[in-house]
Amino acid sequence: MTLWKHEMKMNLKSLLIWSICVGASCFGCLLLFKGLESTMDEMAGAYADMGSFSVALGLDKVAINTVEGFYATEVALIFAIGGAMFAAMCGAGILAKEEEGHTSEFLSTLPMGRINIVGAKYAAFAVLVFLFQVICIGWILVGFAGAGDFPPAKEFMMYHGLQFVMQLEIGSVCFLISACCKKRQTGAALGLALLLYMVDLMCRILPDIKNLKYITPFYYSNASDIFTDPNPEPVMIGIGMAVTLACAVISGIVYSKRDLAA
Amino acid sequence: MGNVIEIQNLTKTYGKSRGVNDISLTVEQGDIFGFLGPNGAGKSTTIRSMLGMIHYQAGSIELLGLDAKTHQKDILRQVGYMPSEAMFYPSMKVKDVIKFAADARKMNCDKEAEYLCKKLEVNIDKRISELSLGNRKKVSIVCAMQHKPKLFIFDEPTSGLDPLMQEVFFDLILEYNKQGATCFLSSHVLSEVKRYCKNATIIREGKIIATDSVENLSHSDVRHIKLWRNGKLEEFVHQGDINELLQQLQGTKIDDLLIEQPSLDEVFMHYYEQ
């Protein structure tokens with residue numbers, strides 16, 4: 001608990017910066033909807049008829065002239081990428097920062113045990129991602145209030161629930177990288193988040209690589225799909241959860257077995 | 001008195017690089033034990049193996065009667081460790097670091113921490129990022145001592161501390177030692193080992209080359225001789241029985257004679273260069 005609290009304090013600033021930036025961007029984008037509403041009817045037809053581009057962004061499934069359609073295709077894009085980047089960065093730094101900052105000697109010689117260190121840090125990471133979600137949802141709901149309309153609750157909750165699962169999955173992979181490295185791999189973590197997003201876009205357009213949808217967590221947490229049918233494929237979510245669990249367990253094993261730098 | 005530290009045939013290598021090779025040593029309860037060696041000799045590797053920071057390939061380590069591999073947490077609860085590089089979280093205040101270390105031990109060490117901070121003149125309201133190496137070392141001393149451990153392990157503790165604080169630091173060690181604590185002091189400052197340690201071991205290139213009382217280790221049969229004869233100064237080194245030297249000099253007319261013991265540094269340099 002001591003280390004968990006310590007980590008929460010150490011990451012509070014980063015959580016606030018990221019959640020305010022992403023949340024405020026979503027809020028601002030939703031406020032735009034009201035201003036654009038009158039021109040949206042003409043745009044909706046054009047956007048839905050742009051071939052692969054429409055498929056990639058889900059514009060063929062939801063109508064951009066409705067508040068949930070606008071949210072699912074425009075706002076959710078900012079939230080998904082911003083959230084994935086925050087989770088990736090948070091996961092990539094939380095363990096490796098000790099060796100990079102030469103504090104591992106201080107921390108690991110306190111009577112906590114390495115497994116408990118990994119456990120406390122992983123718990124802090126998961127709560128930070130959850131809080132990021134909560135703060136952003138707060139911004140988004142205020143944005144919906146400003147736009148004068150709310151999306152269907154079930155779809156909205158399902159989307160944010162799966163976004164949390166997606167962020168945990170990406171963050172957990174980065175957490176595992178963090179457990180193996182002596183230095184923070186922030187660049188690699190952010191690159192991984194963006195790469196997985198690109199894989200999602202591409203596997204929606206190219207039938208030959210459609211099976212990559214089982215690799216990228218952006219697929220099962222896609223807003224257009226969820227707002228069209230809030231019953232996503234359980235296999236993909238199961239794979240995502242299994243990856244998350246495996247990364248957390250392997251991180252504990254790797255970190256407790258390897259030599260720590262001073 | 002039982003042994004507080006028992007290391008048997010410890011071997012640790014880093015890939016193809018040497019760490020320590022088949023070293024064994026024991027430290028009795030209540031001892032202030034010096035661990036001497038030049039840079040890269042394997043001092044930190046030994047200490048980091050003892051504390052479970054690195055995993056060794058062969059041998060065994062027992063601290064306070066507990067196996068270092070299987071009882072790491074129990075050992076760390078009773079050990080106060082001060083690393084050579086006293087690094088903490090830069091954004092934290094000194095008082096928060098001290099409290100964090102106490103909380104991690106599930107102990108309330110406020111009283112002892114206050115006493116130590118007063119003795120060492122630690123400003124607890126400063127942020128770690130504002131502290132010099134010496135002041136960070138002082139925070140490290142507080143973190144290592146506030147829970148009154150049974151065993152202290154210090155790795156180059158005095159580097160960065162001013163002479164006055166070094167004195168205070170050793171006073172504190174002697175104070176805890178009187179209360180029954182054992183101290184394992186890794187250093188290459190020979191004078192402090194000579195002054196405060198009862199026993200010592202010398203390590204070089206990953207191997208123990210001598211273990212004895214500091215008095216015996218610092219004793220040498222080498223003498224620097226300065227001899228004035230016929231108005232000329234002759235200087236030479238004599239090693240061996242002093243009676244042989246006196247016999248050699250018998251019958252010769254000597255104006256003056258000076259027989260000097262080698263300095264402590266020279267004696268230990270002899271071990272290092274063997």
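In what follows, chains are A, B, ... by sequence order, proteins preceding strands, each numbered from 1. Because the structure is a prediction, the values reported are computed rather than measured.
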CE (A:Met10) with more than 12 external heavy atoms under 6.0 Å: yes
- request: Would you indicate whether B:Lys43, at its atom NZ, is surrounded by more than 12 heavy atoms from other residues, nucleotides or ligands within a distance under 6.0 Å?
  value: yes
message: For A:Leu107 and B:Tyr89: C-alpha separation, side-chain torsions, deciding distance, then whether side-chain contact (heavy atoms from CB on, under 4.5 Å) applies.
response: CA-CA 10 Å; A:Leu107 186 64; B:Tyr89 306 100; 3.8 Å; yes
More than 12 heavy atoms from other groups under 6.0 Å of CD on B:Glu114: no
task: Show your reasoning for whether side-chain contact (heavy atoms from CB on, under 4.5 Å) applies to B:Met53 and A:Asp259.
output: CA-CA 6 Å; B:Met53 287 195 67; A:Asp259 290 349; over 6 Å; no
- line: Residue from B:Ala101, B:Ala86, B:Ser91, B:Ser84 scoring the most non-hydrogen pairs under 4.5 Å with chain A is B:Ala101
Nearest heavy-atom neighbours spanning B:Gln72 and A:Ser108: NE2-O, 4.2 Å
query: To the nearest 0.5 Å, how far apart are OG1 in A:Thr103 and CD in B:Glu85?
result: 11.0 Å
query: Between B:Phe100 and A:Lys5, does a side-chain contact (heavy atoms from CB on, under 4.5 Å) hold up when you go through it step by step?
result: CA-CA 10 Å; B:Phe100 175 68; A:Lys5 274 192 214 164; over 6 Å; no
message: Looking at B:Lys69, I'd like to know if its NZ atom is crowded, meaning that more than 12 non-hydrogen atoms belonging to other residues, nucleotides or ligands lie closer than 6.0 Å.
response: yes
Value rounded to 0.5 Å, distance of CG in A:Leu110 from CZ in B:Arg77: 11.5 Å
query: Given a strict heavy-atom distance threshold of 4.5 Å, which part of B:Tyr81 is in contact with chain A: side chain, backbone, both, or neither?
result: side chain
query: Can you say whether B:Lys12 sits under 4.5 Å from chain A via the side chain, the backbone, both, or neither, judging by heavy atoms?
result: side chain
query: With sequence neighbours left out, what residues match B:Asp162 under side-chain hydrogen bond (donor to acceptor under 3.5 Å, both in side chains)?
result: none
statement: dist B:His55:NE2 -> A:Lys257:NZ (nearest 0.5 Å) comes out at 7.5 Å
- prompt: Is any side-chain heavy atom of B:Met92 less than 4.5 Å from a side-chain heavy atom of A:Lys9?
  reply: no
- prompt: Do A:Phe106 and B:Pro83 have side chains that get closer than 4.5 Å, going by heavy atoms?
  reply: no
Residue A:Met1 versus chain B: region with a heavy atom under 4.5 Å: neither
task: Rounded to the nearest 0.5 Å, what's the gap from CG on A:Leu260 to CZ on B:Arg48? Could you check?
output: 7.5 Å
field: A:Glu105 CD to B:Ile47 CD1 distance, which is reported to the nearest 0.5 Å
entry: 9.0 Å
- prompt: Is it the backbone or the side chain of B:Met82 that comes under 4.5 Å from a heavy atom of chain A, or both, or neither?
  reply: neither
message: With a 6.0 Å cut-off (strictly less than), is the heavy-atom count around NZ of B:Lys119, excluding the residue itself, greater than 12?
response: yes
- request: May I ask you to check whether over 12 heavy atoms, not counting those of A:Phe150, lie within 6.0 Å of atom CZ?
  value: yes
task: Select one option (side chain, backbone, both, neither) describing which atoms of A:Arg114 are under 4.5 Å from chain B's heavy atoms.
output: side chain
